[in-house]
Amino acid sequence: EYAADAIWSSTPEGRLVYVSPQFERLFGLKPMELLERPCRDWTHPEDRELVCTQMAKLAEKPSTPVNFEFRHECRDGSYLWVSASATAAVDDLGKVVSYQGIFSDINERKATERALHCREQQYAQLAEKLTNVNRRLQDVLEFSSIGIWEWSVEEGKLIWDDQMLKIHGLTRSEFGN
């Protein structure tokens, strides 16, 4: 009753036969509502193939639990990301008679992952822009015969770039830095 995770059991065909009270807390759905429709109906359309594939793996190898993530529909039509762990129960002949599993809410983690991915894309785009600007600046300097120099206070020396050396007809070894 006080657990954070939702527990379920289904037939081999995917019809839910038991859901814990946590389903109502997680998805806003009463147990009877969930039991009226096949599990597939509560799965986000883009995740259905993944869920079917994972459950098929479990059917083929009932002794090996499966773990996967997908979006489960809520009462209001939104979707909640869950991490699913499922196992199979078999009869004396090894035939699957039911599936049981646990759903854990990972919505917050997925939101953080999406935000991080978005930031990474923004930084990659910024790095690309800076690389292009730097390339253009190098072209401008080269074609305009402008060299760059700086005085390093820490080292007490004058530093010239390759273009400045070229303008003055010097090599780096002749210049001395």
For the atom pair CG (Leu58) and OG1 (Thr53), what is the distance rounded to the nearest 0.5 Å?
12.5 Å
Donor-acceptor under 3.5 Å (Arg25 side chain, Ala6 main chain)
no
Looking only at heavy atoms, the pair that brings Ala88 and Gln100 closest together is C-OE1, 4.4 Å
Would the distance check show the side chain of Arg48 and the main-chain N or O of Thr43 forming a donor-acceptor pair, the cut-off being under 3.5 Å?
yes
For Val66 and Lys57, the nearest pair of non-hydrogen atoms, with its separation, is CG1-CB, 4.2 Å
Name the orientation class of the two ring planes belonging to Phe103 and Phe27 (parallel below 30°, tilted from 30 to 60°, perpendicular beyond 60°).
perpendicular
Is it the case that more than 12 heavy atoms not belonging to Gln121 sit under 6.0 Å from its CD atom?
yes
Steps toward side chain to side chain contact (heavy atoms under 4.5 Å, CB included) verdict (His168, Trp160):
CA-CA 11 Å; His168 292 279; Trp160 282 10; 3.6 Å; yes
Does Arg172 reach the side chain of Asp162, with side-chain heavy atoms less than 4.5 Å apart?
yes
Applying salt bridge (charged side-chain N to carboxylate O under 4.0 Å, His left out), name anything that partners Lys110, two or more places apart in sequence or on another chain.
Glu69, Glu113
Distance-minimising heavy-atom pair for Tyr99 and Thr11:
CD1-O, 3.7 Å
Atom CG of Asp41 and atom CZ of Arg15: how far apart are they, to the nearest 0.5 Å?
8.0 Å
Distance in Å, Ile146 CD1 paired with Gln163 CD, rounded so as to fall on 0.5 Å steps:
9.0 Å
When you group the ILVMFWY residues by side-chain heavy-atom contacts below 4.5 Å and let the links chain together, are Val153 and Leu158 in the same group?
yes
Do Leu29 and Ile102 share a hydrophobic cluster (ILVMFWY, side-chain heavy atoms under 4.5 Å, transitive)?
no
So if you build clusters from Ile, Leu, Val, Met, Phe, Trp, Tyr with side-chain heavy-atom gaps below 4.5 Å, do Met164 and Phe143 land together?
no
So Leu126 and Leu130, side chain to side chain contact (heavy atoms under 4.5 Å, CB included) or not? Walk me through it.
CA-CA 6 Å; Leu126 179 59; Leu130 289 174; 4.3 Å; yes
When the aromatic ring centroids of Phe23 and Tyr18 are compared, is their separation below 6.0 Å?
no
Main-chain N/O of Cys74 paired to Ser78 side chain as donor or acceptor, under 3.5 Å
no
Interatomic distance, CG@Leu26 vs CZ@Arg75, rounded to 0.5 Å, equals 14.0 Å
Should Gln22 and Trp8 be marked as a side chain to side chain contact (heavy atoms under 4.5 Å, CB included) after you check the CA-CA gap, both sets of side-chain angles, and the distance that decides it?
CA-CA 10 Å; Gln22 287 75 10; Trp8 57 270; over 6 Å; no
For the hydrophobic clusters of this structure (ILVMFWY residues joined by side-chain heavy atoms under 4.5 Å, transitively), does one cluster hold both Val96 and Val17?
no
Listed by chain and number, what are the salt bridge (charged side-chain N to carboxylate O under 4.0 Å, His left out) partners of Glu155, not counting sequence neighbours?
Lys157
Between Thr171 and Leu165 the two heavy atoms that sit nearest each other are O-CD2, 4.1 Å
Distance (rounded to the nearest 0.5 Å) between Glu73 CD and Leu80 CG:
11.5 Å
Starting from Ile106, can I reach Leu116 by hopping between I/L/V/M/F/W/Y residues whose side chains sit under 4.5 Å apart?
no
Within this structure, what is the CG-CH2 distance for the pair Asp47 and Trp81, rounded to the nearest 0.5 Å?
5.0 Å
Where do Phe175 and Leu170 come nearest, in terms of heavy atoms and distance?
CD1-CD1, 4.2 Å
All heavy atoms of Ile159 vs all of Ser152, minimum pair found to be CD1-CB, 3.9 Å
Exercise: do Gln122 and Arg119 side chains pair donor with acceptor under 3.5 Å:
yes
